[in-house]
Amino acid sequence: PIDRIEPVTDSAEIIQCRNRVRGVYVDPLVRSYIVDLVGATRENTDVALGGSPRASIALYRTAQAYAAIRGYNYILPDDVKRMAPYVLPHRIIIRPESRIRGIQSEDIVEQVLQQVPVPIIGSEGGPG
């Protein structure tokens, strides 16, 4: 019953978690990779409206959260690739004629992930 639901955390812990996520390091090459991925959605001929700058921010923040959950203080390109299928598809509008051919936004994200070169980060992947 709803009247017996208890809080599982408090606002201080939520703020602490948010700050930890925002403290996850993002290498400039990974930042560029995020921008390139989202930009590629706008260049696809099957797309009427691709990902916006807000899509880039959402992918950035989600990759930070994913890294933090896994206990890392930095993002790897693989973290971005892992999160893109969850963040980007609903931010893409497919052209009607492409939709008729069965193309879906998930297909576009997969194409973009295959086409955009993945940056090579230092051997540890983290800062400096």
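Throughout, numbering of the chain's residues begins at 1 and tracks the sequence.
There is no path of hydrophobic side-chain contacts, each under 4.5 Å, that joins M83 to V21. A chain of hydrophobic side-chain contacts below 4.5 Å, direct or via other Ile, Leu, Val, Met, Phe, Trp or Tyr residues, connects V109 to I103. If you chain together hydrophobic residues whose side chains sit under 4.5 Å apart, V35 and L59 never meet in one group. By the rule that hydrophobic residues join a cluster once side-chain heavy atoms approach within less than 4.5 Å of another member, Y86 and V26 end up as members of one cluster.
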Check: residues 44-54 side-chain donor-acceptor pairs under 3.5 Å, at least two apart:
residue : atom : partner : partner atom : Å
N44     : OD1  : D46     : N            : 2.8
N44     : ND2  : Q111    : OE1          : 2.9
D46     : OD1  : S98     : OG           : 2.6
D46     : OD1  : R101    : NH2          : 2.7
S52     : OG   : R54     : N            : 3.1
S52     : OG   : A55     : N            : 3.4

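Taking all atoms of both residues into account, the shortest heavy-atom contact from R91 to A58 is NH2-CB, 3.4 Å. Here the closest heavy-atom approach between residue I34 and residue S56 is recorded as CG2-O, 3.6 Å. In this structure, A40 and V116 approach most closely via the heavy-atom pair CB-CG2, 3.8 Å. What you find for A84 and P89 is that their closest heavy atoms are O-CD, 3.5 Å. Nearest approach of V80 to A63, heavy atoms of both residues: CG2-CB, 4.1 Å. Here the shortest heavy-atom pairing between D27 and L29 reads OD1-N, 2.7 Å.
In this structure a side-chain-to-backbone donor-acceptor pair under 3.5 Å is present from D107 to Q104. Checking side-chain atoms of T41 against main-chain N and O of V38 turns up a donor-acceptor pair under 3.5 Å.
Distance check, rounded to the nearest 0.5 Å: CG of L76 to OH of Y33 gives 11.5 Å. To the nearest 0.5 Å, atom CD1 of residue I94 and atom CD of residue E106 are 8.5 Å apart. Taking NZ of K81 as the reference point, atom CG of D79 lies at 11.5 Å (rounded to 0.5 Å). The distance from atom CD1 of I108 to atom CZ of R42, rounded to the nearest 0.5 Å, is 14.0 Å. Atom-to-atom distance recorded for I121:CD1 and Y74:OH is 11.0 Å, nearest 0.5 angstrom. Between atom OG1 of residue T62 and atom CZ of residue R82 there is a gap of 13.0 Å, rounded to the nearest 0.5 Å.
Under the rule for a side-chain hydrogen bond (donor to acceptor under 3.5 Å, both in side chains), E43 has no partner lying at least two apart in sequence or in another chain.
The side-chain heavy atoms of L113 and L37, taken from C-beta on, include a pair separated by under 4.5 Å.
No more than 12 heavy atoms of other residues, nucleotides or ligands lie within 6.0 Å of CD1 in I120, so this atom counts as exposed by the packing criterion.
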